[in-house]
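Reminder, nothing fancy here: chain letters follow the sequence lines and each chain counts from 1. All of these numbers come straight from a predicted model, not from anything done at the bench.
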Number of protein chains: 2
Amino acid sequence: MQLHKRDVIRKATEILDNFGIADLTMRRLARELDVTAGALYWHVANKQELLGAVADEVLRPAVGPVSAEDWRERTVTACIRLRDALLSHTDGAELVSASFASGQSASMPQILNLLTTAAEDAGVPQAQAELAARTIVYYVLGFTVDEQSRLQWDAAGAALPPEQSMLDSPACQPDTFGFGLALLIDGMSVRGSRPMGSPSERRLN
Amino acid sequence: MQLHKRDVIRKATEILDNFGIADLTMRRLARELDVTAGALYWHVANKQELLGAVADEVLRPAVGPVSAEDWRERTVTACIRLRDALLSHTDGAELVSASFASGQSASMPQILNLLTTAAEDAGVPQAQAELAARTIVYYVLGFTVDEQSRLQWDAAGAALPPEQSMLDSPACQPDTFGFGLALLIDGMSVRGSRPMGSPSERRLN
DNA sequence: ACCTGAACACCGTTCAAGT
DNA sequence: ACCTGAACACCGTTCAAGT
(Lines give C-alpha, C1' and ligand atoms only; values in the text may rest on other atoms or scores of the structure.)
Protein backbone atom coordinates (compact mmCIF):
# COMPACT_ATOMS: atom_id res chain seq x y z
CA MET A 1 0.00 0.00 0.00
CA GLN A 2 0.85 3.71 0.04
CA LEU A 3 3.94 5.13 1.65
CA HIS A 4 3.51 8.28 3.73
CA LYS A 5 6.07 10.78 4.94
CA ARG A 6 5.49 9.77 8.54
CA ASP A 7 6.36 6.15 7.69
CA VAL A 8 9.62 7.35 6.17
CA ILE A 9 10.51 9.33 9.28
CA ARG A 10 9.52 6.49 11.59
CA LYS A 11 11.66 3.94 9.76
CA ALA A 12 14.55 6.41 9.61
CA THR A 13 14.37 6.87 13.39
CA GLU A 14 14.36 3.08 13.75
CA ILE A 15 17.55 2.76 11.69
CA LEU A 16 19.14 5.55 13.74
CA ASP A 17 18.34 3.81 17.01
CA ASN A 18 19.51 0.38 15.88
CA PHE A 19 22.53 1.19 13.76
CA GLY A 20 23.51 4.83 14.19
CA ILE A 21 23.74 7.84 11.93
CA ALA A 22 26.39 6.34 9.61
CA ASP A 23 23.94 3.66 8.52
CA LEU A 24 21.10 6.10 8.02
CA THR A 25 21.43 6.40 4.24
CA MET A 26 18.75 7.08 1.65
CA ARG A 27 19.44 3.77 -0.10
CA ARG A 28 19.27 1.71 3.05
CA LEU A 29 16.16 3.51 4.24
CA ALA A 30 14.52 2.79 0.88
CA ARG A 31 15.55 -0.87 1.05
CA GLU A 32 14.03 -1.31 4.52
CA LEU A 33 10.83 0.34 3.30
CA ASP A 34 10.74 -1.95 0.24
CA VAL A 35 10.87 0.89 -2.25
CA THR A 36 13.45 2.28 -4.67
CA ALA A 37 15.78 5.02 -3.47
CA GLY A 38 14.21 7.45 -5.93
CA ALA A 39 10.80 6.97 -4.34
CA LEU A 40 11.96 8.75 -1.19
CA TYR A 41 12.39 11.95 -3.17
CA TRP A 42 8.68 12.17 -3.62
CA HIS A 43 8.30 12.53 0.15
CA VAL A 44 11.36 14.51 1.13
CA ALA A 45 13.34 17.08 -0.85
CA ASN A 46 16.75 15.70 0.10
CA LYS A 47 18.70 13.96 2.84
CA GLN A 48 19.19 17.14 4.88
CA GLU A 49 15.46 17.62 5.17
CA LEU A 50 15.02 14.00 6.19
CA LEU A 51 17.65 14.31 8.91
CA GLY A 52 15.96 17.50 10.11
CA ALA A 53 12.67 15.67 10.40
CA VAL A 54 14.30 12.84 12.35
CA ALA A 55 15.98 15.42 14.59
CA ASP A 56 12.57 16.91 15.35
CA GLU A 57 11.33 13.41 16.18
CA VAL A 58 14.22 13.07 18.63
CA LEU A 59 13.44 16.48 20.11
CA ARG A 60 9.71 15.87 20.51
CA PRO A 61 9.95 15.02 24.24
CA ALA A 62 12.11 18.10 24.80
CA VAL A 63 9.74 20.74 23.46
CA GLY A 64 6.64 22.18 25.04
CA PRO A 65 6.20 24.74 27.78
CA VAL A 66 8.11 24.53 31.04
CA SER A 67 5.94 25.42 33.99
CA ALA A 68 8.11 27.24 36.48
CA GLU A 69 8.25 30.85 37.49
CA ASP A 70 11.93 30.97 38.36
CA TRP A 71 14.00 31.58 35.22
CA ARG A 72 16.83 29.46 36.57
CA GLU A 73 14.56 26.51 37.06
CA ARG A 74 13.10 26.94 33.56
CA THR A 75 16.56 27.09 32.06
CA VAL A 76 17.80 24.05 33.94
CA THR A 77 14.68 22.06 33.11
CA ALA A 78 14.86 22.90 29.41
CA CYS A 79 18.52 21.89 29.27
CA ILE A 80 17.97 18.62 31.11
CA ARG A 81 15.07 17.76 28.82
CA LEU A 82 17.17 18.55 25.79
CA ARG A 83 20.10 16.43 26.94
CA ASP A 84 17.83 13.53 27.93
CA ALA A 85 16.17 13.58 24.54
CA LEU A 86 19.54 13.50 22.77
CA LEU A 87 20.78 10.62 24.91
CA SER A 88 17.64 8.60 24.17
CA HIS A 89 18.66 7.86 20.59
CA THR A 90 21.89 6.50 19.13
CA ASP A 91 23.97 9.45 17.87
CA GLY A 92 21.08 11.73 18.86
CA ALA A 93 23.37 14.58 19.87
CA GLU A 94 25.35 14.42 16.65
CA LEU A 95 22.20 14.34 14.55
CA VAL A 96 20.57 17.29 16.28
CA SER A 97 23.82 19.27 16.21
CA ALA A 98 24.09 18.79 12.46
CA SER A 99 20.43 19.63 11.86
CA PHE A 100 20.70 22.71 14.06
CA ALA A 101 23.75 23.87 12.11
CA SER A 102 22.03 23.32 8.77
CA GLY A 103 18.88 25.07 9.98
CA GLN A 104 16.72 22.01 9.28
CA SER A 105 15.28 21.49 12.73
CA ALA A 106 11.94 23.14 13.46
CA SER A 107 12.17 22.33 17.17
CA MET A 108 15.45 24.04 17.96
CA PRO A 109 13.98 27.54 17.43
CA GLN A 110 11.26 26.68 19.95
CA ILE A 111 13.81 25.64 22.53
CA LEU A 112 15.80 28.76 21.71
CA ASN A 113 12.68 30.86 22.30
CA LEU A 114 12.11 29.32 25.69
CA LEU A 115 15.69 29.99 26.72
CA THR A 116 15.54 33.53 25.33
CA THR A 117 12.49 34.30 27.44
CA ALA A 118 14.25 32.89 30.48
CA ALA A 119 17.24 35.11 29.76
CA GLU A 120 14.98 38.14 29.51
CA ASP A 121 13.40 37.22 32.82
CA ALA A 122 16.92 37.06 34.25
CA GLY A 123 17.25 40.70 33.34
CA VAL A 124 19.48 40.26 30.31
CA PRO A 125 18.72 43.06 27.83
CA GLN A 126 16.57 41.58 25.09
CA ALA A 127 19.08 42.48 22.40
CA GLN A 128 21.41 39.96 24.04
CA ALA A 129 18.90 37.48 25.43
CA GLU A 130 18.92 35.39 22.25
CA LEU A 131 22.69 35.35 22.34
CA ALA A 132 22.60 34.02 25.88
CA ALA A 133 20.13 31.36 24.72
CA ARG A 134 22.37 30.35 21.82
CA THR A 135 25.35 30.14 24.17
CA ILE A 136 23.45 27.72 26.35
CA VAL A 137 22.43 25.61 23.36
CA TYR A 138 26.02 25.47 22.11
CA TYR A 139 26.99 24.20 25.53
CA VAL A 140 24.32 21.51 25.80
CA LEU A 141 24.96 20.25 22.27
CA GLY A 142 28.74 20.31 22.59
CA PHE A 143 28.70 18.64 25.99
CA THR A 144 26.24 15.95 24.99
CA VAL A 145 27.98 15.11 21.71
CA ASP A 146 31.13 14.47 23.75
CA GLU A 147 29.32 12.58 26.47
CA GLN A 148 27.38 10.38 24.08
CA SER A 149 30.39 9.44 22.01
CA ARG A 150 32.14 8.30 25.17
CA LEU A 151 29.07 6.48 26.49
CA GLN A 152 28.58 4.67 23.20
CA TRP A 153 32.24 3.90 22.84
CA ASP A 154 32.55 2.05 26.11
CA ALA A 155 29.08 0.53 25.82
CA ALA A 156 30.50 -1.19 22.73
CA GLY A 157 33.95 -2.23 23.91
CA ALA A 158 32.83 -2.83 27.47
CA ALA A 159 30.62 -5.67 28.83
CA LEU A 160 33.57 -7.19 30.64
CA PRO A 161 35.84 -4.58 32.32
CA PRO A 162 33.75 -3.66 35.40
CA GLU A 163 36.37 -1.22 36.66
CA GLN A 164 36.13 2.55 36.42
CA SER A 165 35.67 3.31 32.67
CA MET A 166 33.28 6.19 33.28
CA LEU A 167 34.58 8.23 36.16
CA ASP A 168 37.96 8.95 34.60
CA SER A 169 36.74 11.10 31.72
CA PRO A 170 36.08 14.72 32.65
CA ALA A 171 32.59 14.71 31.12
CA CYS A 172 31.27 11.88 33.28
CA GLN A 173 31.78 12.71 36.94
CA PRO A 174 28.97 13.24 39.49
CA ASP A 175 27.37 16.33 37.98
CA THR A 176 29.57 17.63 35.22
CA PHE A 177 26.66 18.68 33.06
CA GLY A 178 25.32 20.79 35.86
CA PHE A 179 28.61 22.56 36.38
CA GLY A 180 28.81 24.16 32.93
CA LEU A 181 25.15 25.00 33.14
CA ALA A 182 25.64 26.67 36.52
CA LEU A 183 28.51 28.66 35.01
CA LEU A 184 26.20 30.03 32.31
CA ILE A 185 23.40 30.72 34.77
CA ASP A 186 25.72 32.59 37.09
CA GLY A 187 26.90 34.62 34.12
CA MET A 188 23.31 35.48 33.28
CA SER A 189 22.66 36.56 36.84
CA VAL A 190 25.56 38.99 36.60
CA ARG A 191 24.40 40.30 33.21
CA GLY A 192 20.90 40.61 34.67
CA SER A 193 21.87 42.89 37.50
CA ARG A 194 24.59 44.75 35.56
CA PRO A 195 22.99 45.08 32.10
CA MET A 196 25.46 46.76 29.76
CA GLY A 197 29.11 47.61 29.12
CA SER A 198 30.81 45.64 31.84
CA PRO A 199 34.63 45.62 31.86
CA SER A 200 35.04 42.08 30.51
CA GLU A 201 32.98 42.71 27.40
CA ARG A 202 34.33 46.22 26.77
CA ARG A 203 37.77 44.77 26.27
CA LEU A 204 36.82 42.94 23.07
CA ASN A 205 37.49 44.71 19.74
CA MET B 1 59.57 12.50 -7.18
CA GLN B 2 58.59 11.30 -3.69
CA LEU B 3 55.39 12.27 -1.95
CA HIS B 4 55.62 13.22 1.71
CA LYS B 5 52.95 13.49 4.37
CA ARG B 6 53.43 17.23 4.60
CA ASP B 7 52.68 17.58 0.88
CA VAL B 8 49.47 15.66 1.38
CA ILE B 9 48.40 17.93 4.23
CA ARG B 10 49.36 21.06 2.32
CA LYS B 11 47.38 20.09 -0.77
CA ALA B 12 44.42 19.08 1.41
CA THR B 13 44.44 22.50 3.06
CA GLU B 14 44.55 24.07 -0.39
CA ILE B 15 41.45 22.15 -1.50
CA LEU B 16 39.71 23.12 1.75
CA ASP B 17 40.42 26.80 1.18
CA ASN B 18 39.40 26.83 -2.47
CA PHE B 19 36.44 24.46 -2.51
CA GLY B 20 35.34 23.67 1.04
CA ILE B 21 35.13 20.55 3.14
CA ALA B 22 32.62 18.77 0.88
CA ASP B 23 35.18 18.67 -1.92
CA LEU B 24 37.97 17.49 0.35
CA THR B 25 37.78 13.81 -0.60
CA MET B 26 40.53 11.22 -0.69
CA ARG B 27 40.00 10.62 -4.41
CA ARG B 28 40.11 14.26 -5.34
CA LEU B 29 43.13 14.89 -3.13
CA ALA B 30 44.91 11.99 -4.83
CA ARG B 31 43.97 13.31 -8.27
CA GLU B 32 45.38 16.76 -7.52
CA LEU B 33 48.57 15.17 -6.22
CA ASP B 34 48.83 13.02 -9.35
CA VAL B 35 48.73 9.74 -7.49
CA THR B 36 46.21 6.94 -7.07
CA ALA B 37 43.77 7.12 -4.17
CA GLY B 38 45.34 4.05 -2.61
CA ALA B 39 48.70 5.81 -2.42
CA LEU B 40 47.36 8.18 0.25
CA TYR B 41 46.92 5.27 2.63
CA TRP B 42 50.65 4.86 2.82
CA HIS B 43 50.87 8.33 4.39
CA VAL B 44 47.72 8.52 6.48
CA ALA B 45 45.75 5.78 8.20
CA ASN B 46 42.34 7.02 7.06
CA LYS B 47 40.34 10.12 6.21
CA GLN B 48 39.68 11.01 9.86
CA GLU B 49 43.39 11.24 10.56
CA LEU B 50 43.89 13.37 7.47
CA LEU B 51 41.15 15.78 8.53
CA GLY B 52 42.68 15.92 11.99
CA ALA B 53 46.02 16.90 10.50
CA VAL B 54 44.39 19.61 8.38
CA ALA B 55 42.55 20.84 11.48
CA ASP B 56 45.89 21.18 13.26
CA GLU B 57 47.18 23.12 10.27
CA VAL B 58 44.22 25.49 10.62
CA LEU B 59 44.84 25.80 14.36
CA ARG B 60 48.57 26.48 14.06
CA PRO B 61 48.21 30.29 14.43
CA ALA B 62 45.94 29.75 17.45
CA VAL B 63 48.28 27.72 19.61
CA GLY B 64 51.28 28.84 21.60
CA PRO B 65 51.54 30.62 24.93
CA VAL B 66 49.50 33.71 25.68
CA SER B 67 51.51 36.28 27.56
CA ALA B 68 49.19 38.01 29.99
CA GLU B 69 48.92 37.80 33.73
CA ASP B 70 45.19 38.46 33.97
CA TRP B 71 43.25 35.22 33.49
CA ARG B 72 40.41 37.12 31.79
CA GLU B 73 42.76 38.58 29.24
CA ARG B 74 44.35 35.18 28.60
CA THR B 75 40.95 33.60 28.11
CA VAL B 76 39.72 36.32 25.78
CA THR B 77 42.94 36.28 23.74
CA ALA B 78 42.87 32.51 23.37
CA CYS B 79 39.25 32.59 22.21
CA ILE B 80 39.82 35.39 19.72
CA ARG B 81 42.84 33.59 18.30
CA LEU B 82 40.83 30.40 17.99
CA ARG B 83 37.93 32.09 16.24
CA ASP B 84 40.23 34.03 13.91
CA ALA B 85 42.02 30.84 12.92
CA LEU B 86 38.72 29.10 12.15
CA LEU B 87 37.48 32.02 10.07
CA SER B 88 40.71 32.07 8.04
CA HIS B 89 39.85 28.88 6.15
CA THR B 90 36.73 27.85 4.27
CA ASP B 91 34.63 25.64 6.56
CA GLY B 92 37.41 25.92 9.16
CA ALA B 93 35.00 25.91 12.10
CA GLU B 94 33.15 22.86 10.83
CA LEU B 95 36.38 20.98 10.20
CA VAL B 96 37.86 21.71 13.62
CA SER B 97 34.55 20.93 15.34
CA ALA B 98 34.46 17.53 13.67
CA SER B 99 38.10 16.80 14.42
CA PHE B 100 37.67 17.86 18.03
CA ALA B 101 34.66 15.56 18.39
CA SER B 102 36.52 12.63 16.86
CA GLY B 103 39.57 13.31 19.01
CA GLN B 104 41.83 13.68 15.99
CA SER B 105 43.15 17.16 16.66
CA ALA B 106 46.41 17.41 18.58
CA SER B 107 46.07 21.18 19.01
CA MET B 108 42.71 21.28 20.75
CA PRO B 109 44.10 19.70 23.96
CA GLN B 110 46.75 22.44 24.05
CA ILE B 111 44.11 25.14 23.79
CA LEU B 112 42.08 23.31 26.41
CA ASN B 113 45.11 23.29 28.70
CA LEU B 114 45.59 26.99 28.36
CA LEU B 115 41.95 27.66 29.18
CA THR B 116 42.06 25.20 32.08
CA THR B 117 44.99 27.05 33.62
CA ALA B 118 43.15 30.34 33.19
CA ALA B 119 40.12 28.85 34.95
CA GLU B 120 42.31 27.70 37.83
CA ASP B 121 43.77 31.19 38.08
CA ALA B 122 40.22 32.48 38.24
CA GLY B 123 39.80 30.44 41.38
CA VAL B 124 37.72 27.65 39.91
CA PRO B 125 38.51 24.43 41.81
CA GLN B 126 40.82 22.38 39.61
CA ALA B 127 38.39 19.47 39.51
CA GLN B 128 36.07 21.76 37.55
CA ALA B 129 38.58 23.93 35.74
CA GLU B 130 38.76 21.59 32.74
CA LEU B 131 34.97 21.60 32.57
CA ALA B 132 34.96 25.38 32.45
CA ALA B 133 37.56 25.20 29.67
CA ARG B 134 35.46 22.71 27.69
CA THR B 135 32.39 24.90 28.11
CA ILE B 136 34.28 27.82 26.60
CA VAL B 137 35.48 25.69 23.69
CA TYR B 138 31.94 24.45 23.03
CA TYR B 139 30.87 28.07 22.88
CA VAL B 140 33.60 29.26 20.52
CA LEU B 141 33.14 26.30 18.17
CA GLY B 142 29.34 26.49 18.18
CA PHE B 143 29.30 30.22 17.68
CA THR B 144 31.88 30.22 14.92
CA VAL B 145 30.30 27.34 13.00
CA ASP B 146 27.09 29.40 12.93
CA GLU B 147 28.85 32.62 12.07
CA GLN B 148 30.95 31.12 9.30
CA SER B 149 28.03 29.38 7.62
CA ARG B 150 26.21 32.71 7.50
CA LEU B 151 29.27 34.61 6.32
CA GLN B 152 29.93 32.09 3.57
CA TRP B 153 26.30 31.91 2.58
CA ASP B 154 25.94 35.60 1.86
CA ALA B 155 29.43 35.89 0.46
CA ALA B 156 28.19 33.50 -2.21
CA GLY B 157 24.70 34.84 -2.94
CA ALA B 158 25.72 38.45 -2.34
CA ALA B 159 27.93 40.69 -4.53
CA LEU B 160 24.90 42.75 -5.50
CA PRO B 161 22.54 43.44 -2.55
CA PRO B 162 24.50 46.13 -0.64
CA GLU B 163 21.77 46.49 1.99
CA GLN B 164 21.94 45.08 5.52
CA SER B 165 22.50 41.30 5.04
CA MET B 166 24.79 41.02 8.05
CA LEU B 167 23.31 43.06 10.86
CA ASP B 168 19.98 41.22 10.89
CA SER B 169 21.26 37.86 12.05
CA PRO B 170 21.77 37.61 15.82
CA ALA B 171 25.32 36.27 15.47
CA CYS B 172 26.63 39.25 13.52
CA GLN B 173 25.95 42.43 15.43
CA PRO B 174 28.64 44.76 16.89
CA ASP B 175 30.21 42.36 19.36
CA THR B 176 28.09 39.27 19.64
CA PHE B 177 31.06 36.97 20.07
CA GLY B 178 32.22 38.99 23.02
CA PHE B 179 28.87 38.81 24.72
CA GLY B 180 28.76 35.04 25.12
CA LEU B 181 32.37 35.07 26.14
CA ALA B 182 31.70 37.71 28.78
CA LEU B 183 28.86 35.55 30.06
CA LEU B 184 31.21 32.63 30.59
CA ILE B 185 33.89 34.81 32.14
CA ASP B 186 31.43 36.35 34.58
CA GLY B 187 30.31 32.84 35.50
CA MET B 188 33.91 31.88 36.17
CA SER B 189 34.37 34.93 38.37
CA VAL B 190 31.43 33.83 40.48
CA ARG B 191 32.70 30.23 40.69
CA GLY B 192 36.10 31.61 41.58
CA SER B 193 34.97 33.54 44.61
CA ARG B 194 32.29 31.04 45.65
CA PRO B 195 34.02 27.68 44.93
CA MET B 196 31.59 24.87 45.64
CA GLY B 197 27.97 23.84 46.09
CA SER B 198 26.18 27.03 45.09
CA PRO B 199 22.37 26.92 44.92
CA SER B 200 22.11 26.78 41.11
CA GLU B 201 24.29 23.70 40.77
CA ARG B 202 22.89 21.92 43.82
CA ARG B 203 19.49 21.85 42.15
CA LEU B 204 20.61 19.46 39.40
CA ASN B 205 20.00 15.71 39.92
C1' DA C 1 59.68 1.77 0.92
C1' DC C 2 56.37 3.58 -1.92
C1' DC C 3 52.96 3.31 -5.44
C1' DT C 4 49.59 1.32 -9.18
C1' DG C 5 45.48 -1.16 -10.78
C1' DA C 6 41.66 -2.99 -9.87
C1' DA C 7 38.30 -4.30 -7.22
C1' DC C 8 34.60 -4.17 -3.26
C1' DA C 9 30.86 -2.23 -1.41
C1' DC C 10 28.76 1.41 -1.28
C1' DC C 11 26.81 6.76 -1.73
C1' DG C 12 22.92 11.07 -3.09
C1' DT C 13 20.21 12.60 -6.73
C1' DT C 14 17.67 12.92 -11.19
C1' DC C 15 14.28 11.73 -14.42
C1' DA C 16 11.87 9.47 -18.30
C1' DA C 17 8.62 6.16 -18.17
C1' DG C 18 5.11 3.44 -16.17
C1' DT C 19 0.52 2.73 -13.37
C1' DA D 1 -0.18 11.14 -7.51
C1' DC D 2 3.19 7.97 -6.59
C1' DC D 3 6.76 4.82 -7.85
C1' DT D 4 10.31 2.02 -10.81
C1' DG D 5 14.53 1.41 -13.53
C1' DA D 6 18.36 2.98 -14.81
C1' DA D 7 21.66 5.99 -15.07
C1' DC D 8 25.19 9.81 -13.53
C1' DA D 9 28.79 11.04 -10.93
C1' DC D 10 30.79 10.02 -7.39
C1' DC D 11 32.61 7.90 -2.40
C1' DG D 12 36.44 5.34 1.39
C1' DT D 13 39.22 1.47 1.78
C1' DT D 14 41.93 -2.77 0.73
C1' DC D 15 45.47 -5.36 -1.30
C1' DA D 16 48.09 -8.20 -4.59
C1' DA D 17 51.44 -6.91 -7.57
C1' DG D 18 54.94 -4.08 -9.34
C1' DT D 19 59.44 -1.06 -8.93
Side-chain angles (χ1 to χ4, degrees), chain A residues 1-16 18-55 57 90-91 94-95 97-99 101-105 149 153 156, chain B residues 1-16 18-55 57 90-91 94-95 97-99 101-105 149 153 156:
Chain A
M1 71 256 91
Q2 258 253 47
L3 185 64
H4 283 98
K5 184 163 181 175
R6 77 182 77 88
D7 305 318
V8 176
I9 310 304
R10 195 188 310 112
K11 182 64 82 179
T13 309
E14 206 180 303
I15 294 175
L16 180 76
N18 296 325
F19 307 97
I21 203 172
D23 285 348
L24 182 41
T25 67
M26 298 301 273
R27 293 184 110 106
R28 169 146 191 188
L29 176 55
R31 204 191 317 137
E32 303 212 352
L33 285 167
D34 291 305
V35 291
T36 308
L40 296 177
Y41 290 86
W42 183 262
H43 300 96
V44 296
N46 47 46
K47 193 182 179 180
Q48 266 203 1
E49 193 201 287
L50 173 83
L51 292 181
V54 177
E57 187 64 27
T90 309
D91 296 332
E94 203 183 317
L95 171 76
S97 263
S99 298
S102 65
Q104 293 291 335
S105 163
S149 86
W153 191 86
Chain B
M1 72 259 87
Q2 257 254 46
L3 184 65
H4 284 98
K5 183 163 182 174
R6 77 181 77 88
D7 305 317
V8 176
I9 309 304
R10 196 192 306 113
K11 182 64 82 179
T13 310
E14 207 180 302
I15 294 175
L16 180 75
N18 296 324
F19 307 98
I21 202 172
D23 285 348
L24 181 40
T25 67
M26 298 302 273
R27 293 184 109 106
R28 170 147 192 188
L29 177 55
R31 204 190 318 136
E32 303 212 351
L33 285 167
D34 291 305
V35 292
T36 309
L40 296 177
Y41 290 87
W42 183 262
H43 300 97
V44 296
N46 48 45
K47 194 183 179 180
Q48 266 204 359
E49 192 200 287
L50 172 84
L51 292 181
V54 177
E57 188 64 27
T90 308
D91 296 332
E94 202 182 317
L95 171 75
S97 263
S99 298
S102 65
Q104 293 290 335
S105 162
S149 85
W153 191 86

Side-chain donor-acceptor pairs of residues 18-32 of chain B under 3.5 Å, sequence neighbours excluded:
from  : atom 1 : to    : atom 2 : distance (Å)
B/N18 : ND2    : B/E14 : O      : 3.1
B/T25 : OG1    : B/R28 : N      : 3.1
B/R28 : NE     : B/E32 : OE2    : 3.1
B/R28 : NH2    : B/E32 : OE2    : 3.4

Checklist entry - Over how many whole Å does the gap from A/L40 atom CG to C/dC11 atom P extend? => result 12 Å
Next on the checklist: Work out how far the P atom of D/dC8 is from that of C/dA9, and round it to whole angstrom.
Outcome noted: 23 Å
Going by atom type alone, with no hydrogens or angles, which donor-acceptor pairs under 3.5 Å involve a side-chain atom of residues 38-45 of chain B and a protein atom two or more places apart or on another chain?
from  : atom 1 : to   : atom 2 : distance (Å)
B/H43 : NE2    : B/L3 : O      : 2.9

Item to check | Selected nucleotide, minimal atom distance to A/T36 side chain, candidates D/dC3, C/dC2, D/dG5 | outcome: D/dG5
Checklist entry - Paired stems touching DNA chain C, three or more consecutive Watson-Crick or G-U pairs with both distances under 3.5 Å? => result C:4-8 with D:12-16, C:12-16 with D:4-8
Checklist entry - How many Å lie between CD on B/Q2 and C1' on C/dC3, as a whole number? => result 9 Å
Checklist entry - What's the CG-C1' distance between B/L33 and C/dT4, to the nearest Å? => result 15 Å
Checklist entry - Taking OP1 and OP2 of C/dC3, is either one under 4.0 Å from a side-chain nitrogen or oxygen of B/W42? => result no
Checklist outcome for this item: Assign each of A/V35 and B/R31 the nucleotide of DNA chain D bearing its closest heavy atom; nearer the 5' end lies the nucleotide of A/V35
Output side-chain donor-acceptor pairs under 3.5 Å for residues 5-12 of chain B, partner residues at least two apart or in another chain, one line each.
from : atom 1 : to    : atom 2 : distance (Å)
B/K5 : NZ     : B/E49 : OE2    : 3.0
B/D7 : OD2    : B/H4  : N      : 2.8

Checklist entry - Distance check: side-chain N/O of A/H43 vs OP1/OP2 of D/dC3, anything under 4.0 Å? => result yes
Checklist outcome for this item: Tightest non-hydrogen contact, residues A/S99 and A/A55, listed as OG-CB, 3.5 Å
Checklist outcome for this item: Readout for nucleotides 12-19 of chain C: B = base within 4.0 Å of protein heavy atom, S = sugar-phosphate only, - = neither; 5' to 3' it is BBB-----
Checklist outcome for this item: From the list B/L16, B/N46, B/L95, side-chain contact (heavy atoms from CB on, under 4.5 Å) partner of B/L51 resolves to B/L95
Next on the checklist: If the condition is side chain to side chain donor-acceptor pair (under 3.5 Å), which residues does A/E57 pass it with, not counting sequence neighbours?
Outcome noted: A/R60
